[in-house]
Amino acid sequence: MKINNKTVLVSGAGKGIGQEIFMKCLDNAKFTYGIVRSRKDYLKLSKLTNKNNFKIFLGDIKNQFFIEKILNFSKKNNKIIDGLVNNAGE
């Protein structure tokens, strides 16, 4: 999938492969959402780039209300999710 004009959501974006995928999406996608589970990862990821084409959410994708929060944000801000990289793990 070409992501040049797409909005992508990356779960597990706080470290490892998920972080690398998140950074690649920042360089190539129109907008990138990242999901992290710890405040430490949230702060670290926020400082890795000075771009303004991303939003990081702190929470657990197993929580239905958290997912609804992301979807509502994407609709409200006209940044509907086109693709998902489901990288979250235990």
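Remember, predicted model here, so these are calculated numbers, not experimental data.
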F57 vs Y42, ring pair (Phe, Tyr, Trp, His ring centres under 6.0 Å): CA-CA, chis, key distance, verdict: CA-CA 8 Å; F57 289 95; Y42 178 89; 9.1 Å; no
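- Salt bridge status for K24 with D27: absent, with no side-chain N to carboxylate O gap under 4.0 Å.
- Summarising the geometry, atom CG belonging to N52 is positioned 8.5 Å from atom CZ belonging to F31; distances are rounded to the nearest 0.5 Å.
- Note that CG of L26 and OG1 of T49 are 5.5 Å apart. Values are rounded to the nearest 0.5 Å.
- Rounded to the nearest 0.5 angstrom, S11 OG and I61 CD1 are separated by 4.5 Å.
- The neighbour count for K2 NZ, taken as heavy atoms of other residues, nucleotides or ligands under 6.0 Å away, does not exceed 12.
- Note that the CG atom of D82 and the CG atom of L9 stand 11.0 Å from one another [nearest 0.5 Å].
- Between the D60 side chain and the K62 main chain, a donor and an acceptor come within less than 3.5 Å of each other.
- Atom CG of L48 and atom CG of L43 lie 11.0 Å apart (nearest 0.5 Å).
- A donor-acceptor contact shorter than 3.5 Å links the side chain of N63 to the backbone of F66.
- The closest donor-acceptor contact from the side chain of K44 to the backbone of G14 lies under 3.5 Å.
- Atom CD1 of I70 is separated from atom OH of Y33 by 9.0 Å, given to the nearest 0.5 angstrom.
- When all heavy atoms are compared, the tightest approach of G12 to N87 is O-ND2, 3.3 Å.
- Cluster annotation: V36 and M23 are assigned to the same hydrophobic cluster (Ile/Leu/Val/Met/Phe/Trp/Tyr, side-chain heavy-atom contacts under 4.5 Å, transitive).
- In this structure, D41 contributes its side chain and K15 its backbone to no donor-acceptor pair below 3.5 Å.
- Between T7 and S74, every side-chain heavy-atom pair lies at or beyond the 4.5 Å cut-off.
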